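Comments concern the structure below.
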Amino acid sequence: MNKTTLAEFLTHAELAEPALRGMITDIAQACKAIAVQVNKGALLGTMGSLEAQNVQGETQKQLDVISNDLFLQMNQQGGHYAGMASEEMDEPYVMAERYRQHGRYLLLFDPLDGSSNVNLNLSVGTIFSILRCPHGISEPLVMDFLQPGSAQVCAGYALYGTSTMLVLTTGQGVHGFTLEHDSGDFVLTHASMQIAASSNEFAINMARQRWWDAPVQRYIADCQAGSEGPLGKDYNMRWVASMVAEVHRILIRGGVFMYPVDAKTREAGGRLRLMYEANPMAWLVEQAGGLASDGQQRILDITPQGLHQRVPVYLGSRDEIQRMATYFNA
Ligand code: FDP
């Protein structure tokens, strides 16, 4: 079989920014290192929770912290970034001057998304988003990171599942690479991924149903009514509780993923984080022909107010997200 490695793909890709080659290569290396840690599972004794909570008030797993450190260390060395921010850190990371002095980009990431699944041996992942550092800024502050998702220059995720995959976009479609363990290469296995326009599979945490707003209640009730209801077709439901795995499923076989704001999360603005979860996933989904909305507007058009801002998320197959919009506008 003729295989294209990530390195070959990047050599031939028409990248808007040549520096992306180096940045994506570093990200791939960091994801490989995290995959090794995740893969060793209970053998390392790092599956447990720490006493600490992150800025989101969530209990950190040991692997959250290990993954965060690996991603920071392995990406800063390339010298591409003027700043980095992570789900696991309240403030942007203070980078050593020798690394950041020529950096022209900003890296945002969630080092181990879905980490509540990690000790269950279920899929988890790393999500990343690259932005340009505003002109003339060499010591970026939080405000320099607060750019809309439409300004991203690269976004993607690594999925640590039955195989390890790297899925990314630089604005020219979505491409998926599978880690070949023998060679250590990421090999192009999913070129130009496309999300089916229509689908009959939804993903939502049904346990929160009693707190949902009326449009979400109505939409899900209609899905559940199946072929006898107004939508005239039977729906299937999935909930992995790992956003990376849900988005990956949608890229492979269509469907929608929803994490609405509800009565319990309204004050916080929702559950998922805009800058390093919703934005990168929204761009991937749009690049694959799907849609991503917060219920009112395109996620990529949201003007960020904070590094750890939370937003409602509805993304996936185009027809279904458009249908959902009619429930919000009713
Ligand atoms: P986690 O907290 O385990 O990192 O990022 C938030 C997230 O996982 C998503 O990956 C996942 O979709 C969601 O939370 C799971 O939420 P529930 O706990 O409500 O199932």
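This is a predicted model, so every value here is computed, not measured.
- The two residues Q224 and Q209 make their nearest non-hydrogen contact at OE1-NE2, 4.3 Å.
- Smallest separation of non-hydrogen atoms from G173 and T169: O-OG1, 2.8 Å.
- Side chains of H190 and I252 form a contact here, defined as non-hydrogen atoms less than 4.5 Å apart.
- Remark: Q322 CD to S317 OG distance equals 11.0 Å, nearest 0.5 Å.
- At least one side-chain heavy atom of P134 sits under 4.5 Å from a side-chain heavy atom of L106.
- Contact annotation: the side chain of N117 never approaches that of S123 to less than 4.5 Å [non-hydrogen atoms, C-beta and beyond].
- Smallest separation of non-hydrogen atoms from F145 and M84: CZ-N, 3.7 Å.
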Handout entry: Chi angles and distances behind the side chain to side chain contact (heavy atoms under 4.5 Å, CB included) call for I220, M206
Key = CA-CA 9 Å; I220 295 297; M206 288 295 296; 4.0 Å; yes
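- Taking 4.5 Å as the limit, every side-chain heavy atom of N39 sits out of range of all side-chain heavy atoms of Y160.
- Remark: side-chain polar atoms of R310 are paired, donor with acceptor, to backbone N or O of R271 under 3.5 angstrom.
- Taking 4.5 Å as the limit, every side-chain heavy atom of C154 sits out of range of all side-chain heavy atoms of M23.
- Across every non-hydrogen atom of V311 and Q309, the tightest pair is CG1-NE2, 4.1 Å.
- We find the CD-OG distance between Q62 and S115 to be 12.0 Å, quoted to the nearest 0.5 Å.
- Using cut-offs of 30° and 60° on the angle between ring planes, the pair F71 and F109 is tilted.
- In this structure, the side chain of K32 does not engage the main chain of T164 through any donor-acceptor pair within 3.5 Å.
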Return all side-chain donor-acceptor pairs below 3.5 angstrom for residues 254-267, not counting sequence neighbours, or 'none' if the list is empty.
| from | atom 1 | to | atom 2 | distance (Å) |
| --- | --- | --- | --- | --- |
| D262 | OD1 | R208 | NH2 | 3.4 |
| D262 | OD1 | K264 | N | 2.9 |
| D262 | OD1 | T265 | N | 3.0 |
| D262 | OD1 | T265 | OG1 | 3.2 |
| D262 | OD2 | R208 | NE | 2.8 |
| D262 | OD2 | R208 | NH2 | 3.4 |
| T265 | OG1 | D262 | N | 3.0 |
| R266 | NH1 | D213 | OD2 | 3.2 |
| R266 | NH2 | D213 | OD1 | 2.7 |

Problem - Worked check of side chain to side chain contact (heavy atoms under 4.5 Å, CB included) between D234 and N200 - result: CA-CA 7 Å; D234 291 327; N200 55 353; 5.6 Å; no
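- With rounding to the nearest 0.5 angstrom, the CD atom of Q101 is 10.0 Å from the CZ atom of R98.
- Of all the heavy atoms in L166 and A28, the pair that sits closest is CD2-CB, 3.8 Å.
- No hydrogens or angles considered: nothing links the side chains of Y157 and D113 as a donor-acceptor pair under 3.5 Å.
- A heavy-atom distance below 4.5 Å is not found between the side chains of I27 and L168.
- Counting only heavy atoms from C-beta outward, the side chains of Y276 and I127 never approach each other to under 4.5 Å.
- Ring centroid separation for the pair F202 and Y219 does not come in under the 6.0 Å cut-off.
- Between the R218 side chain and the Y327 main chain, a donor and an acceptor come within less than 3.5 Å of each other.
- Residue-environment remark: CD (E139) stays at or below the threshold of 12 foreign heavy atoms within 6.0 Å.
- Cluster annotation: L272 and W211 are assigned to distinct hydrophobic clusters (Ile/Leu/Val/Met/Phe/Trp/Tyr, side-chain heavy-atom contacts under 4.5 Å, transitive).
- Rounding to the nearest 0.5 Å places CD of Q152 at 11.0 Å from CZ of R132.
- No more than 12 heavy atoms of other residues, nucleotides or ligands lie within 6.0 Å of CZ in R104, so this atom counts as exposed by the packing criterion.
- From N119, atom CG reaches atom CG of L63 across 9.5 Å, with rounding to the nearest 0.5 Å.
- For the residue pair S129/N279, the side-chain donor-acceptor check at 3.5 Å is not satisfied.
- Taking the side chain as every heavy atom from C-beta outward, P92 and V142 approach each other to under 4.5 Å.
- Checked options E286, M243, E320; the residue passing with L315 is M243 (criterion: side chain to side chain contact (heavy atoms under 4.5 Å, CB included)).
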